[in-house]
Amino acid sequence: MTVVKAAAVQISPVLYSRTGTVERVVQKIHELGRQGVQFAVFPETVVPYYPYFSWVKPPYTIGDDQLRLMAEAVTVPSAETEAIGQAARRNHMVVSIGVNERDGGTLYNTQLLFDADGSLIQRRRKITPTFHERMVWGQGDGSGLRAADSAVGRIGQLACWEHYQPLARYALIADGEQIHASMFPGGLGAGQFVDQMEVAVRMHALESACFVVNATAWLDADQQARLAEDTGGPVSAFSGGFFTAIVDPEGRFLGEPITSGEGEVIADLDFTLIDRRKRMADTRGHYARPELLSLHIDRTATAPLHERGAHVPIRTDRAVEAEHSTEDQ
């Protein structure tokens with residue numbers, strides 16, 4: 001495609017409800033489909049909700065909060081991923097969304113990428129949870145540090161402060177991403193976080209010469225008050241950090257960023273702008289010096305169990321005796 005209609009979605013989760021949040025996401029996908037959107041990005045771990053409790057509560061007090069989040073987290077595959085995939089397929093839309101993924105007894109900050117036919121083409125986990133998040137999520141691996149081919153082009157994904165890891169970003173740049181799905185939680189960090197987020201997404205657009213579609217969640221006044229009551233933290237701890245936007249390869253905003261309320265930024269991504277930017281600065285090509293500076297990456301998927309060699313049945317004494325008897329005959 002040379003022009004892709006994209007949406008950065010600022011949406012509220014249904015606090016403490018996986019089912020309710022997925023229903024809201026599916027409804028939004030259908031709504032965007034009626035507007036002709038071909039690619040949509042939803043916020044970081046919006047399903048079922050970001051672990052805001054870990055931002056304000058001492059570690060020794062968060063046990064019940066963690067168990068509740070674990071009970072509401074998403075397994076892959078599941079009825080929830082099937083529902084999102086079906087919505088993507090019905091609207092012929094590529095969808096990037098952040099979820100709390102449960103794998104056994106561990107939670108991960110996971111980004112799911114569904115193609116326009118509804119298939120799940122990438123499941124990547126945040127490689128290093130940030131600060132308080134390390135009490136909640138396990139670490140991801142390098143298998144997802146790659147761009148994925150989709151119906152709308154090559155898409156790379158990163159979550160939140162992964163944008164402050166230059167080599168993680170360069171892994172996607174070097175892999176030729178055309179659209180970058182960026183997602184942050186929303187609801188924490190106040191004004192300073194918004195300023196930093198803007199710098200991060202605009203700089204990545206410039207360095208990669210790709211489009212950046214960035215989404216954060218929105219928390220309304222009732223949700224902020226509910227979180228404050230449930231965690232014992234101040235309302236102000238959950239009242240900032242909202243910044244949903246689309247950036248072109250020159251670092252310019254396409255449309256007006258959303259910093260308050262639910263909604264979406266919708267814009268046409270004209271891929272000819274990628275060539276215009278790369279003509280001057282292609283950081284994976286003529287503006288790179290791989291003989292001086294290069295990236296070594298291990299994309300091996302990690303696993304707790306590794307088997308070596310094929311399974312060989314144990315030979316019993318009786319089997320050996322029978323074999324020798326046959327040879328004697």
Side-chain angles (χ1 to χ4, degrees), residues 41-47 49-51 54-55 59 66 69-70 73-76 81 96-114 120-150 154-177 179-186 188-189 193 196-197 199-201 203-205 207-208 210 212-217 241 283-284 293-306:
V41 176
F42 287 82
E44 178 184 10
T45 61
V46 69
V47 183
Y49 51 91
Y50 179 83
S54 64
W55 177 238
Q66 286 181 298
L69 180 59
M70 186 176 291
V74 175
T75 56
V76 181
T81 60
S96 171
I97 186 168
V99 303
N100 288 273
E101 179 197 3
R102 178 174 180 171
D103 187 353
T106 299
L107 295 177
Y108 295 94
N109 178 333
T110 297
Q111 292 172 293
L112 303 178
L113 183 63
F114 296 87
L120 181 62
I121 57 175
Q122 188 176 74
R123 177 187 69 175
R124 71 165 303 270
R125 295 166 172 173
K126 188 174 185 179
I127 55 176
T128 303
T130 302
F131 192 50
H132 58 285
E133 297 172 352
R134 294 173 194 161
M135 294 297 299
V136 179
W137 294 320
Q139 293 183 315
D141 57 40
S143 61
L145 287 177
R146 62 174 73 246
D149 286 314
S150 76
R154 288 182 65 75
I155 298 174
Q157 304 183 105
L158 289 177
C160 202
W161 274 24
E162 287 185 310
H163 292 89
Y164 300 163
Q165 296 174 296
L167 298 183
R169 293 193 302 105
Y170 193 72
L172 302 182
I173 293 171
D175 212 23
E177 65 175 354
I179 305 175
H180 181 77
S182 167
M183 50 187 71
F184 288 71
L188 77 165
F193 195 30
Q196 294 171 344
M197 195 187 318
V199 170
V201 297
M203 194 64 202
H204 185 70
E207 291 182 346
S208 64
C210 76
V212 176
V213 183
N214 183 67
T216 62
T283 53
R284 67 187 290 264
L293 302 167
S294 62
L295 172 63
H296 174 81
I297 182 170
D298 183 356
R299 288 196 172 116
T300 304
T302 58
L305 177 65
H306 300 271

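In this text, all values refer to a predicted model and were calculated from it rather than measured experimentally.
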Suppose we screen for side chain to side chain donor-acceptor pair (under 3.5 Å). Which residues come up paired with Thr216, at least two apart in sequence or across chains?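 By the side chain to side chain donor-acceptor pair (under 3.5 Å) rule, Thr216 matches Gln10, Thr244.
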Set of residues satisfying side chain to side chain donor-acceptor pair (under 3.5 Å) with respect to Arg154, sequence neighbours excluded: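 Applying side chain to side chain donor-acceptor pair (under 3.5 Å) to Arg154 gives Asp149, Asp175.
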For the residue pair [X] and [Y], what are the closest heavy atoms and their distance?
X      : Y      : result
Val136 : Gln66  : CA-NE2, 3.9 Å
Gln111 : Ala181 : NE2-O, 3.9 Å
Ala148 : Gln122 : CB-NE2, 4.4 Å
Ala215 : Val41  : CB-O, 3.4 Å
Leu145 : Ala171 : O-CB, 4.0 Å
Thr130 : Trp161 : CG2-CE3, 3.2 Å

To the nearest 0.5 Å, what is the distance between [atom1] on [X] and [atom2] on [Y]?
X      : Y      : atom1 : atom2 : result
Asn100 : Thr45  : CG    : OG1   : 5.0 Å
Arg125 : Leu107 : CZ    : CG    : 10.5 Å
Arg284 : Ser208 : CZ    : OG    : 11.0 Å
Thr106 : Gln139 : OG1   : CD    : 11.5 Å
Ile97  : Leu112 : CD1   : CG    : 7.5 Å
Leu69  : Ser54  : CG    : OG    : 9.0 Å

Test log, rule side-chain contact (heavy atoms from CB on, under 4.5 Å), inputs Phe184 and Phe193: CA-CA 10 Å; Phe184 288 71; Phe193 195 30; 3.7 Å; yes
side-chain contact (heavy atoms from CB on, under 4.5 Å) evaluation trace for Ile155 with Ser96: CA-CA 9 Å; Ile155 298 174; Ser96 171; 5.7 Å; no
Quick one: side-chain contact (heavy atoms from CB on, under 4.5 Å) partners of Thr75, sequence neighbours excluded? Ser78, Arg102
Below 4.5 Å, heavy atoms only, C-beta onward: do Pro43 and Tyr50 meet side chain to side chain? no
Please evaluate residues Phe114 and Thr81 with respect to the criterion side-chain contact (heavy atoms from CB on, under 4.5 Å), reporting the C-alpha separation (whole Å), side-chain torsions for both, the decisive distance (0.1 Å), and the verdict. CA-CA 9 Å; Phe114 296 87; Thr81 60; 4.2 Å; yes
Does atom NE2 of His306 have more than 12 heavy-atom neighbours from other groups under 6.0 Å away? yes
Please collect all salt bridge (Lys or Arg N to Asp or Glu O under 4.0 Å) contacts where either partner lies in residues 129-146, sequence neighbours excluded, each pair once. Lys126-Glu133
If a pair satisfies salt bridge (Lys or Arg N to Asp or Glu O under 4.0 Å) and one of its residues is in residues 161-174, list it, with sequence neighbours excluded. Arg124-Glu162, Arg169-Glu207
Pair Glu177-Leu158, side-chain contact (heavy atoms from CB on, under 4.5 Å): steps then yes or no: CA-CA 12 Å; Glu177 65 175 354; Leu158 289 177; over 6 Å; no
On the 0 to 90° scale, with breaks at 30° and 60°, tag the His204-His180 ring pair as parallel, tilted or perpendicular.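 Because their plane-to-plane angle lies in the 30° to 60° range, the rings of His204 and His180 count as tilted.
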Which residues pass the salt bridge (Lys or Arg N to Asp or Glu O under 4.0 Å) test with Arg123, not counting sequence neighbours? Glu101
